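All chains are named by letter (A, B, ...) in the order of the sequence lines, taking the proteins before the strands, and each is independently numbered beginning at 1. Please read these numbers as outputs of a predicted model, since none were measured by experiment.
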2 protein chains.
Amino acid sequence: MLYIVGVGVAEGYLTERAIRLIKEAEVVYGSKRAVELAKKHIRGEIRVMTSFGENIYREIENEAKDKRVVVLSTGDPMVSGLGRFLKGEIEPGISSVQLALARLKLDLTDVVIVDSHARESYEEIKKALKIRRKVLVLADRNFDLKKIDEIDEKVKIIVLENLGLDNEKISDEITSDRTIVYLELI
Amino acid sequence: MLYIVGVGVAEGYLTERAIRLIKEAEVVYGSKRAVELAKKHIRGEIRVMTSFGENIYREIENEAKDKRVVVLSTGDPMVSGLGRFLKGEIEPGISSVQLALARLKLDLTDVVIVDSHARESYEEIKKALKIRRKVLVLADRNFDLKKIDEIDEKVKIIVLENLGLDNEKISDEITSDRTIVYLELI
């Protein structure tokens with residue numbers, strides 16, 4: 001059996017169900033960070049993933065045919081996560097998007113979430129602002145806030161970084177790769 | 001101090017942080033269902049909420065001035081939840097939206113979430129389908145699937161009900177008030 005388990009965005013966000021799945025696993029895959037967040041509950045073999053891609057995903061699926069395998073995903077496997085790439089059961093976790101909504105006191109049904117990791121997202125953001133006026137962008141250092149200034153209408157910008165961590169920061173500039181940018185047409 | 005704490009959508013979805021906040025609370029407010037999901041961790045006074053509204057919210061905020069008060073919210077307080085209405089710290093929880101994404105193997109950044117509880121949402125849904133082609137609607141028995149058929153283009157419909165519960169069901173008709181409708185332009 002293969003389970004893709006969200007470990008949450010930081011320490012303390014594991015759910016009771018996620019903890020049980022991690023404890024019962026014979027083999028646990030995950031990035032260094034994901035493994036750290038789950039470590040105290042892991043009893044099986046730990047395999048730290050240093051690269052990601054189709055070959056590795058197929059190998060894991062094969063191994064899961066006769067073993068109980070868990071792949072850890074930081075945050076939620078279905079929020080810009082590993083869930084799409086692996087055939088297995090998904091166990092949700094608390095994502096950085098949820099922390100951003102909590103800090104901004106904003107409901108998920110009032111925004112559009114855009115993923116700008118490793119791709120151009122400015123056109124998508126413009127369209128999203130048109131229908132909802134409020135957008136959360138999953139961003140990193142490559143995201144160019146100047147392109148937002150080129151939008152015709154006035155846009156309020158709030159940058160939320162390292163959500164849930166000790167160095168959590170809310171400002172108007174991007175300084176890290178763990179960044180969520182809040183945009184609102186005003 | 002006032003904390004609005006997500007208890008998740010069903011048994012087993014409480015996070016370690018949520019459990020700690022619930023244990024430390026002197027007074028715990030929540031709907032019958034939310035209290036049930038948190039009960040084994042509650043040590044303070046339980047106040048089951050049977051009505052909701054501005055007056056009650058202000059009373060709770062007053063009480064929280066000199067007590068440690070938790071208001072429980074099923075799912076996540078920022079997903080069609082109580083978080084918007086109360087001045088306090090938000091602790092996220094696993095929402096039915098996350099379970100729907102997990103079942104459909106769909107990433108949050110590929111959909112728009114629309115709340116159709118207690119309001120007309122068909123125009124909003126049409127707009128959302130235009131920019132993303134994929135929409136999740138938080139719905140109940142009042143949601144009329146026939147209005148979706150009136151959309152010019154072909155729309156695939158999947159109805160997910162009672163997510164996370166023993167009577168979870170995936171079909172093409174709405175039979176309960178705990179319903180998420182997946183719509184996709186095809």
* Asked: Is there a donor-acceptor pair under 3.5 Å between the side chain of B:E24 and the backbone N or O of B:L21?
  -> no
* Heavy-atom distance under 4.5 Å to chain A: side chain of B:K87, backbone, both or neither? -> backbone
* Do A:L165 and A:Y13 share a hydrophobic cluster, counting only Ile, Leu, Val, Met, Phe, Trp and Tyr and linking them when any side-chain heavy atoms are less than 4.5 Å apart? -> no
* Structure fact -> Of B:E89, B:E11, B:R84, the largest count of non-hydrogen pairs under 4.5 angstrom with chain A goes to B:R84
* Please look at A:D107 and chain B and tell me whether the side chain, the backbone, both or neither of the residue comes under 4.5 angstrom of a heavy atom of that chain. => both
* Asked: Any donor and acceptor pair, going by atom type alone, linking the side chain of B:K105 with main-chain N or O of A:G88 inside 3.5 Å?
  -> yes
* Identify which part of B:L82 has an atom lying under 4.5 Å from any heavy atom of chain A, answering side chain, backbone, both or neither. => neither
* Salt bridge or not for B:K39 and B:E36, using N-O below 4.0 Å? -> no
* Asked: Within a radius of less than 6.0 Å around CG of A:N167, do more than 12 heavy atoms belonging to other residues, nucleotides or ligands occur?
  -> yes
* Mind ranking B:G93, B:P77, B:G8 by heavy-atom pairs under 4.5 Å with chain A and telling me who comes out on top? => B:G93
* Contact class of A:L104 relative to chain B, heavy atoms under 4.5 angstrom -> neither
* Structure fact -> The interface call for B:R132 against chain A, heavy-atom contacts under 4.5 Å, is side chain
* To do: Indicate yes or no for a side-chain donor-acceptor contact from A:E168 to the backbone of A:G164 under 3.5 Å, with no hydrogens or angles considered.
  => yes
* To do: Examine whether an atom of A:L136 lies under 4.5 Å from a heavy atom of chain B, and if so say whether it belongs to the side chain, the backbone or both; otherwise answer neither.
  => neither
* Asked: Out of B:I19, B:L106, B:I90, which one racks up the most heavy-atom pairs below 4.5 Å with chain A?
  -> B:I90
* Greatest number of heavy atom pairs closer than 4.5 Å to chain B - which of A:L101, A:I131, A:L138 -> A:I131
* Got a donor-acceptor contact below 3.5 angstrom from the A:D115 side chain to the B:T109 backbone? -> no
* Structure fact -> Honestly, the part of A:A128 sitting under 4.5 Å from a heavy atom of chain B is both
* Got a donor-acceptor contact below 3.5 angstrom from the A:D177 side chain to the A:R141 backbone? -> yes
* Based on non-hydrogen pairs under 4.5 Å, which of B:D76, B:L99, B:I4 is most in contact with chain A? -> B:D76
* Sort B:V114 into side chain, backbone, both or neither according to what part of it lies under 4.5 angstrom from a heavy atom of chain A. => both
* Asked: Using a distance-only test with no angle check, is there a side-chain donor-acceptor pair under 3.5 angstrom linking B:T175 and B:E161?
  -> yes
* For A:E124, is it the side chain, the backbone, both, or neither that has a heavy atom closer than 4.5 Å to a heavy atom of chain B? -> side chain
* Quick one: of B:V112, B:V97, B:L14, who has the most non-hydrogen atom pairs under 4.5 Å with chain A? -> B:L14
* For the pair B:E26 (side chain) and B:K67 (backbone), establish whether a donor and an acceptor sit closer than 3.5 Å, ignoring hydrogens and angles. => no
